[in-house]
Structure formats: C-alpha cells, structure tokens
Amino acid sequence: MGLRDQIEAKQRRTAKVPILIGNPSAAAAEVTTFQVALAAHLSEMDGKRRAGRKATKADQEREKKLRADLEEAVQRQSAQVVDVEVQSLPEDEWEAALASLSEEARDAYELNDILAALLAASCTDPELQDADWWAEQLKKPTWTDGDKSAISRTMLELNVLVPRLAALGKG
C-alpha cells in the first residue's frame, strides 16, 4: 500500500474514556495487602534458600495461594473502571454541537452543557449512543466534576487538539 493509499484510508481518531464505577480505594488496599503478604512470603523463602533449606510443599502451596489471591484482587481492582471507546466527530457535527453553547462556554471550551450529546455521538458502542440516557447518568450525584472534566478533556483531545504523535511511536 502506497503513501497516498495510507493517507486516503485515514480513520477517525479514537480514545478510551475510563469511567470509575466502583470503589478504587478499597480495591487498591486489597491489592496492596496481597502484594505485601506475597513479598513477605517470598522474602521468607529466599531466607530459607540462603540457609540451604528447601521450600516445603506447604510453602509452595502458600505462594500459589497468595499469587492467586493477588491476581483476583488485581482483577477486582480493574473492574472498578470501565473504558468507553469514543471517536472524533466529523467537523460539521463538532461545530454544530459547539454552536449550541453560549459564546462564553464556546470560547472556554466548557463542554458540560453538551457532554451527554457529545458522548452519544462519539461512542463507538451502539448501546451507548443515547443522549437522553447519558444526560440522566451525568445528572446523578455519583458523577463528579472530575469525571466530567476527564470526558471533556478527551473530547477536546479527539476533536480539537493536535495528537501527540511522538507518544504514538511507529508501531
């Protein structure tokens, strides 16, 4: 495929918006607890090896159990966040969305008033392309200003800002 073909095949940019759905503090504490327990056990096993003693079957079972517990805790921690894939909007859709903002909000790129519409239009998952549903979700007290700011930042990165090509590498 030639350079022209590659450029002609350019796709809309996508990104993942991480949405916190659980309690990351409790999950992180659980991971830390298992990491510390595993590290202590491994240190104890290293001490035995240095003293010329072999690990017992019970030691091996304990290590296996601690590793499994840690893996499960990491999975529970990962489940506290879901990634919603969004894509850049065609320029006319982006401009139309911004046109509905007040001049001050438009100048400051304050997107909160159109965030639900932007999410619905940008989501790659058809199940999430419902602006009314997003509006209901974003009104809930569980959505912080930080959550909304992160989504707004992603929308701006996709539709306005120049991508950081150096961070992308050449694959």
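Residue numbers count from 1 along this sequence.
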Looking at [X], I'd like to know if its [atom1] atom is crowded, meaning that more than 12 non-hydrogen atoms belonging to other residues, nucleotides or ligands lie closer than 6.0 Å.
X: R76; atom1: CZ; value: yes
X: E71; atom1: CD; value: no
X: Q11; atom1: CD; value: no

Give, for atom [atom1] of [X] and atom [atom2] of [Y], the distance between the pair rounded to the nearest 0.5 Å.
X: E95; Y: E93; atom1: CD; atom2: CD; result: 11.5 Å
X: D113; Y: S100; atom1: CG; atom2: OG; result: 8.0 Å
X: M1; Y: I7; atom1: CE; atom2: CD1; result: 11.5 Å
X: E61; Y: K64; atom1: CD; atom2: NZ; result: 5.5 Å
X: K54; Y: K57; atom1: NZ; atom2: NZ; result: 14.5 Å

Hydrophobic cluster identity match, I114 and L128, side-chain contacts under 4.5 Å: yes
Common cluster, V31/V81, ILVMFWY with side-chain heavy-atom separation under 4.5 Å: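 Per the 4.5 Å side-chain linkage, V31 and V81 are not co-clustered.
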Closest approach of [X] to [Y] (non-hydrogen atoms, all atoms of both residues):
X: A131; Y: A117; result: CB-CA, 4.1 Å
X: L101; Y: R106; result: O-NH1, 3.0 Å
X: A116; Y: A135; result: CB-N, 3.4 Å
X: L118; Y: A97; result: CD2-CB, 3.8 Å
X: W134; Y: A120; result: CD1-N, 3.7 Å

Between [X] (side chain only) and [Y] (backbone N and O only), is there a donor and an acceptor less than 3.5 Å apart?
X: R12; Y: S88; result: yes
X: Q80; Y: N23; result: yes
X: S122; Y: L119; result: no
X: Q77; Y: P24; result: no

Would a 4.5 Å heavy-atom cut-off, applied to side chains only, mark [X] and [Y] as touching?
X: V86; Y: T154; answer: yes
X: I19; Y: V17; answer: yes
X: E104; Y: D107; answer: no
X: L111; Y: L98; answer: yes
X: F34; Y: V74; answer: no

Residue pairs passing the side-chain hydrogen bond (donor to acceptor under 3.5 Å, both in side chains) test where at least one lies in residues 144-153, sequence neighbours excluded: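 Of all non-adjacent pairs touching residues 144-153, those that pass side-chain hydrogen bond (donor to acceptor under 3.5 Å, both in side chains) are T144-D147.
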Y109 vs N159, side-chain contact (heavy atoms from CB on, under 4.5 Å): CA-CA, chis, key distance, verdict: CA-CA 11 Å; Y109 283 113; N159 294 287; over 6 Å; no
side-chain contact (heavy atoms from CB on, under 4.5 Å) evaluation trace for V84 with D125: CA-CA 8 Å; V84 174; D125 183 339; over 6 Å; no
Pairing of E63 and R67 as salt bridge, 4.0 angstrom limit: yes
Can you give me every donor-acceptor pair (side chain of residues 38-45, partner residue at least two apart or in another chain, under 3.5 Å) with its distance?
| unit_1 | atom_1 | unit_2 | atom_2 | d |
| --- | --- | --- | --- | --- |
| H41 | NE2 | D59 | O | 3.0 |

Any side-chain donor near an acceptor of the partner, E85 and T124, under 3.5 Å: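 The answer is yes; a qualifying pair exists.
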